[in-house]
2 protein chains.
Amino acid sequence: MNTLFKALNDPTRREILEFLKEKDLTAGEIADRFQISKPSISHHLDLLKQAGLVSAVKEGQFICYSLNTTVLDELLKWLMNFKNEK
Amino acid sequence: MNTLFKALNDPTRREILEFLKEKDLTAGEIADRFQISKPSISHHLDLLKQAGLVSAVKEGQFICYSLNTTVLDELLKWLMNFKNEK
DNA sequence: TTGATATTTAGACAAATGTCTAAATGTTTT
DNA sequence: AAAACATTTAGACATTTGTCTAAATATCAA
(Lines give C-alpha, C1' and ligand atoms only; values in the text may rest on other atoms or scores of the structure.)
Protein backbone atom coordinates (compact mmCIF):
# COMPACT_ATOMS: atom_id res chain seq x y z
CA MET A 1 0.00 0.00 0.00
CA ASN A 2 2.87 2.29 0.85
CA THR A 3 4.72 1.68 -2.41
CA LEU A 4 1.46 2.07 -4.31
CA PHE A 5 0.74 5.51 -2.90
CA LYS A 6 4.35 6.49 -3.34
CA ALA A 7 4.27 5.48 -6.99
CA LEU A 8 1.09 7.44 -7.60
CA ASN A 9 2.36 10.53 -5.82
CA ASP A 10 4.02 12.09 -8.86
CA PRO A 11 2.45 13.81 -11.87
CA THR A 12 4.95 12.33 -14.34
CA ARG A 13 4.31 8.80 -13.17
CA ARG A 14 0.55 9.27 -13.28
CA GLU A 15 0.89 10.63 -16.81
CA ILE A 16 2.93 7.59 -17.79
CA LEU A 17 0.05 5.42 -16.61
CA GLU A 18 -2.35 7.47 -18.74
CA PHE A 19 -0.18 6.86 -21.80
CA LEU A 20 0.05 3.16 -21.06
CA LYS A 21 -3.72 3.02 -20.75
CA GLU A 22 -3.89 3.76 -24.48
CA LYS A 23 -1.34 1.18 -25.51
CA ASP A 24 1.86 -0.58 -24.52
CA LEU A 25 5.00 1.46 -25.06
CA THR A 26 8.75 1.01 -24.99
CA ALA A 27 10.86 2.96 -22.52
CA GLY A 28 12.06 5.20 -25.34
CA GLU A 29 8.57 5.91 -26.60
CA ILE A 30 7.55 6.89 -23.11
CA ALA A 31 10.58 9.12 -22.65
CA ASP A 32 9.82 10.84 -25.96
CA ARG A 33 6.54 12.07 -24.51
CA PHE A 34 8.26 14.01 -21.73
CA GLN A 35 10.84 16.74 -21.48
CA ILE A 36 12.76 14.77 -18.94
CA SER A 37 15.95 12.80 -19.45
CA LYS A 38 15.73 9.10 -20.23
CA PRO A 39 17.44 8.03 -17.01
CA SER A 40 14.83 9.96 -15.02
CA ILE A 41 12.01 8.27 -16.91
CA SER A 42 13.73 4.95 -16.36
CA HIS A 43 13.70 5.65 -12.65
CA HIS A 44 10.00 6.51 -12.72
CA LEU A 45 9.29 3.30 -14.58
CA ASP A 46 11.21 1.40 -11.95
CA LEU A 47 9.05 2.84 -9.17
CA LEU A 48 5.89 2.03 -11.12
CA LYS A 49 7.16 -1.51 -11.59
CA GLN A 50 7.97 -1.86 -7.91
CA ALA A 51 4.40 -0.88 -7.12
CA GLY A 52 3.13 -3.46 -9.58
CA LEU A 53 1.45 -0.79 -11.67
CA VAL A 54 3.34 -1.71 -14.82
CA SER A 55 5.09 -4.79 -16.13
CA ALA A 56 8.12 -4.84 -18.40
CA VAL A 57 8.92 -7.31 -21.12
CA LYS A 58 12.21 -7.28 -22.97
CA GLU A 59 11.78 -7.45 -26.71
CA GLY A 60 15.15 -7.46 -28.37
CA GLN A 61 16.91 -4.26 -27.55
CA PHE A 62 13.63 -2.64 -26.47
CA ILE A 63 11.77 -2.98 -23.23
CA CYS A 64 8.04 -2.86 -23.57
CA TYR A 65 5.99 -1.55 -20.68
CA SER A 66 2.32 -2.23 -20.11
CA LEU A 67 -0.23 -1.13 -17.55
CA ASN A 68 -1.24 -3.47 -14.77
CA THR A 69 -4.51 -2.39 -13.22
CA THR A 70 -4.99 -5.27 -10.79
CA VAL A 71 -3.02 -3.46 -8.12
CA LEU A 72 -5.51 -0.63 -8.31
CA ASP A 73 -8.16 -2.98 -6.92
CA GLU A 74 -6.37 -2.82 -3.61
CA LEU A 75 -6.60 0.96 -3.69
CA LEU A 76 -10.24 0.72 -4.68
CA LYS A 77 -10.95 -1.50 -1.69
CA TRP A 78 -9.12 0.92 0.57
CA LEU A 79 -11.19 3.79 -0.79
CA MET A 80 -14.49 1.97 -0.34
CA ASN A 81 -13.56 1.37 3.26
CA PHE A 82 -14.13 5.09 3.77
CA LYS A 83 -17.13 5.64 1.59
CA ASN A 84 -19.12 2.81 3.17
CA GLU A 85 -20.35 3.06 6.73
CA LYS A 86 -21.12 6.32 8.55
CA MET B 1 -5.30 15.80 -7.43
CA ASN B 2 -1.70 16.50 -6.63
CA THR B 3 -2.39 17.63 -3.07
CA LEU B 4 -4.74 14.69 -2.61
CA PHE B 5 -2.11 12.11 -3.54
CA LYS B 6 0.46 13.96 -1.51
CA ALA B 7 -1.77 13.91 1.53
CA LEU B 8 -2.43 10.20 1.17
CA ASN B 9 1.23 9.36 0.67
CA ASP B 10 2.05 8.96 4.35
CA PRO B 11 1.18 6.12 6.74
CA THR B 12 0.55 8.45 9.67
CA ARG B 13 -1.89 10.58 7.71
CA ARG B 14 -3.73 7.54 6.41
CA GLU B 15 -3.99 6.24 9.95
CA ILE B 16 -5.40 9.58 11.07
CA LEU B 17 -8.10 9.17 8.46
CA GLU B 18 -8.87 5.70 9.80
CA PHE B 19 -9.31 7.11 13.30
CA LEU B 20 -11.54 9.89 12.04
CA LYS B 21 -13.64 7.34 10.22
CA GLU B 22 -14.74 6.04 13.63
CA LYS B 23 -15.56 9.42 15.11
CA ASP B 24 -14.59 13.08 15.16
CA LEU B 25 -11.57 13.85 17.29
CA THR B 26 -9.73 16.86 18.65
CA ALA B 27 -6.14 17.53 17.63
CA GLY B 28 -4.99 16.37 21.06
CA GLU B 29 -6.97 13.14 20.93
CA ILE B 30 -5.43 12.39 17.57
CA ALA B 31 -1.92 13.16 18.80
CA ASP B 32 -2.45 10.84 21.79
CA ARG B 33 -2.86 7.93 19.40
CA PHE B 34 0.64 8.38 17.96
CA GLN B 35 4.16 8.45 19.31
CA ILE B 36 4.88 11.60 17.38
CA SER B 37 5.08 15.12 18.75
CA LYS B 38 1.97 17.31 18.68
CA PRO B 39 3.49 19.83 16.27
CA SER B 40 4.18 17.04 13.81
CA ILE B 41 0.60 15.79 14.07
CA SER B 42 -0.57 19.36 13.65
CA HIS B 43 1.41 19.55 10.45
CA HIS B 44 -0.10 16.30 9.17
CA LEU B 45 -3.56 17.62 9.95
CA ASP B 46 -2.77 20.74 8.00
CA LEU B 47 -1.83 18.72 4.92
CA LEU B 48 -4.99 16.65 5.23
CA LYS B 49 -7.01 19.85 5.53
CA GLN B 50 -5.30 21.34 2.48
CA ALA B 51 -6.31 18.26 0.52
CA GLY B 52 -9.88 18.64 1.74
CA LEU B 53 -9.77 15.26 3.44
CA VAL B 54 -10.62 16.67 6.85
CA SER B 55 -12.38 19.75 8.16
CA ALA B 56 -11.59 21.53 11.38
CA VAL B 57 -14.02 23.29 13.70
CA LYS B 58 -12.88 25.27 16.69
CA GLU B 59 -14.77 24.39 19.85
CA GLY B 60 -13.52 26.55 22.67
CA GLN B 61 -9.91 25.80 23.23
CA PHE B 62 -10.17 22.57 21.25
CA ILE B 63 -10.14 22.05 17.52
CA CYS B 64 -12.32 19.23 16.35
CA TYR B 65 -11.37 17.38 13.19
CA SER B 66 -13.71 15.32 11.09
CA LEU B 67 -13.35 13.21 7.97
CA ASN B 68 -14.47 14.58 4.63
CA THR B 69 -14.92 11.78 2.13
CA THR B 70 -16.28 13.83 -0.76
CA VAL B 71 -12.77 14.49 -2.03
CA LEU B 72 -12.26 10.77 -2.35
CA ASP B 73 -14.88 10.72 -5.09
CA GLU B 74 -12.40 12.49 -7.31
CA LEU B 75 -9.87 9.77 -6.63
CA LEU B 76 -12.52 7.15 -7.25
CA LYS B 77 -13.28 8.67 -10.61
CA TRP B 78 -9.59 8.78 -11.45
CA LEU B 79 -9.29 5.11 -10.56
CA MET B 80 -12.30 4.06 -12.60
CA ASN B 81 -10.74 5.79 -15.58
CA PHE B 82 -8.17 2.98 -15.57
CA LYS B 83 -10.37 0.07 -14.73
CA ASN B 84 -12.89 0.84 -17.45
CA GLU B 85 -12.02 0.47 -21.12
CA LYS B 86 -9.42 -1.93 -22.46
C1' DT C 1 -5.21 38.57 36.14
C1' DT C 2 -2.51 34.64 36.55
C1' DG C 3 -1.71 30.03 35.59
C1' DA C 4 -2.87 25.83 33.16
C1' DT C 5 -4.31 23.64 28.93
C1' DA C 6 -4.82 23.09 23.65
C1' DT C 7 -3.01 23.96 19.46
C1' DT C 8 -0.24 26.07 16.07
C1' DT C 9 3.86 28.59 14.13
C1' DA C 10 8.81 29.07 13.46
C1' DG C 11 13.07 27.35 12.59
C1' DA C 12 16.43 23.59 12.35
C1' DC C 13 17.90 19.21 10.54
C1' DA C 14 18.35 14.51 8.58
C1' DA C 15 16.32 11.58 5.16
C1' DA C 16 13.82 10.90 0.95
C1' DT C 17 12.83 12.44 -3.77
C1' DG C 18 13.32 14.00 -8.63
C1' DT C 19 16.46 15.42 -11.68
C1' DC C 20 20.78 15.53 -14.27
C1' DT C 21 25.27 13.86 -16.74
C1' DA C 22 28.46 10.21 -17.53
C1' DA C 23 29.28 5.57 -17.90
C1' DA C 24 27.87 0.62 -18.22
C1' DT C 25 25.17 -3.11 -20.33
C1' DG C 26 23.02 -5.40 -23.87
C1' DT C 27 21.31 -5.82 -28.72
C1' DT C 28 21.28 -4.98 -33.51
C1' DT C 29 23.43 -3.83 -38.03
C1' DT C 30 27.05 -3.30 -41.20
C1' DA D 1 34.45 -6.86 -34.97
C1' DA D 2 33.00 -2.30 -34.65
C1' DA D 3 29.69 1.19 -34.61
C1' DA D 4 24.96 2.55 -33.52
C1' DC D 5 20.99 2.21 -30.73
C1' DA D 6 18.02 1.28 -26.32
C1' DT D 7 18.00 1.18 -21.72
C1' DT D 8 19.71 1.12 -17.17
C1' DT D 9 23.06 2.04 -13.34
C1' DA D 10 25.96 5.13 -10.65
C1' DG D 11 26.82 9.19 -8.49
C1' DA D 12 25.98 14.06 -7.65
C1' DC D 13 22.93 17.79 -6.35
C1' DA D 14 18.96 20.80 -5.09
C1' DT D 15 14.31 20.49 -3.29
C1' DT D 16 10.83 18.49 -0.55
C1' DT D 17 9.36 16.00 3.44
C1' DG D 18 8.75 14.42 8.24
C1' DT D 19 10.37 15.14 12.46
C1' DC D 20 11.89 17.71 16.52
C1' DT D 21 12.25 21.61 20.23
C1' DA D 22 11.14 26.20 21.57
C1' DA D 23 8.11 29.85 21.36
C1' DA D 24 3.61 32.07 20.15
C1' DT D 25 -1.47 32.30 20.37
C1' DA D 26 -5.75 31.41 22.28
C1' DT D 27 -9.04 29.72 25.71
C1' DC D 28 -10.49 28.21 30.20
C1' DA D 29 -10.36 28.19 35.36
C1' DA D 30 -8.98 30.00 39.92
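In what follows, chains are A, B, ... by sequence order, proteins preceding strands, each numbered from 1. Every heavy atom of this structure was used, including side-chain atoms; hydrogens, water molecules and symmetry mates were not.
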Query raised in the report: For A:R33 and A:I16, what are the C-alpha separation, side-chain angles and deciding distance, and is it a side chain to side chain contact (heavy atoms under 4.5 Å, CB included)?
Result: CA-CA 9 Å; A:R33 285 160 168 75; A:I16 290 175; over 6 Å; no
Report summary line: By nearest-nucleotide position on DNA chain C, the 5'-leaning member of A:R13 and B:D46 is B:D46
Report task. May I ask you to verify if any side-chain N or O of A:S37 is less than 4.0 angstrom from the OP1 or OP2 atom of C:dC20? Result -> yes
Query raised in the report: Nearest-Å distance, CG (B:L45) to C1' (C:dT9)?
Result: 14 Å
Query - Residue of the set B:H44, B:H43, B:E18 for which side-chain hydrogen bond (donor to acceptor under 3.5 Å, both in side chains) holds with B:R13 - result: B:H44
Return the polar atom pairs (N/O with N/O) between nucleotides 12-16 of chain C and the protein under 3.5 Å, or none.
none

Report summary line: Nearest-nucleotide check on DNA chain D, B:P39 vs B:D10; residue mapping nearer the 5' end is B:D10
Query raised in the report: Whole Å only: how far is the CG atom of A:N9 from the P atom of C:dG18?
Result: 7 Å
**Report entry** B:S40 side-chain N/O to D:dG18 phosphate OP1/OP2 under 4.0 Å
**Finding:** no
Query - Whole angstrom value for the distance that separates P of C:dA6 from NZ of B:K38 - result: 6 Å
Query raised in the report: After noting the C-alpha distance and the side-chain angles of A:L17 and A:L8, does the key distance pass the side chain to side chain contact (heavy atoms under 4.5 Å, CB included) rule?
Result: CA-CA 9 Å; A:L17 295 180; A:L8 293 175; 3.7 Å; yes
Requested in this report: Just call it for A:H43: base, sugar-phosphate, or nothing, with non-hydrogen atoms closer than 4.0 Å on any strand.
Outcome: base
Requested in this report: Please determine, by modelled atom types, if B:K49 and B:N68 share a side-chain donor-acceptor pair under 3.5 angstrom.
Outcome: no
Below 3.5 Å between N/O atoms, which protein atoms pair up with nucleotides 26-30 of chain C? Just atom names and distances, please.
residue, atom, partner, partner atom, Å
C:dT27, O3', A:Q61, N, 3.4

**Report entry** Test item: B:F62 and B:E29 side chains (from C-beta on) under 4.5 Å apart, heavy atoms
**Finding:** no
Report task. Would you indicate what B:L47 reaches in the nucleic acid, counting non-hydrogen atoms under 4.0 angstrom: base, sugar-phosphate, or nothing? Result -> sugar-phosphate
Report task. Starting from C1' on C:dG18, measure out to CZ on A:F34 and report it in whole angstrom. Result -> 14 Å
Report task. Take the protein atom CD1 of A:I16 and the nucleotide atom P of C:dG18, then report the distance between them rounded to whole Å. Result -> 11 Å
Requested in this report: When you get a sec, tell me which of C:dT8, C:dT19, D:dG18 is the closest nucleotide to the side chain of A:I36?
Outcome: C:dT19
Query raised in the report: OP1, OP2 of C:dT8 versus side-chain N and O of B:Y65: anything below 4.0 Å?
Result: yes
Query raised in the report: For B:I41 and D:dT21, what is the distance between atoms CD1 and C1' respectively, to the nearest whole Å?
Result: 16 Å
Requested in this report: Drop me the distance from A:T12's OG1 to A:Q35's CD, to the nearest 0.5 angstrom.
Outcome: 11.0 Å
**Report entry** Distance in angstrom units between B:Q50 CD and D:dT16 P, rounded
**Finding:** 14 Å
Query raised in the report: Nearest of C:dT19, C:dT8, D:dT19 to any side-chain atom of A:T12?
Result: C:dT19
**Report entry** Evaluation steps, side chain to side chain contact (heavy atoms under 4.5 Å, CB included), between A:L76 and B:L76
**Finding:** CA-CA 7 Å; A:L76 198 65; B:L76 198 63; 3.6 Å; yes
**Report entry** CA sep, side-chain torsions, deciding dist, call: A:L47, A:D10, side chain to side chain contact (heavy atoms under 4.5 Å, CB included)
**Finding:** CA-CA 11 Å; A:L47 292 182; A:D10 182 273; over 6 Å; no
Query raised in the report: In whole angstroms, how far is the C1' atom of C:dA6 from the CD1 atom of B:I30?
Result: 13 Å
Query raised in the report: Does A:T26 put a side-chain nitrogen or oxygen below 4.0 Å from OP1 or OP2 of D:dT7?
Result: yes
**Report entry** Value rounded to 0.5 Å, distance of CG in A:L48 from CZ in A:R14
**Finding:** 11.0 Å
Query - Residue pair B:D24 / B:Y65, side-chain heavy-atom distance below 4.5 Å - result: no
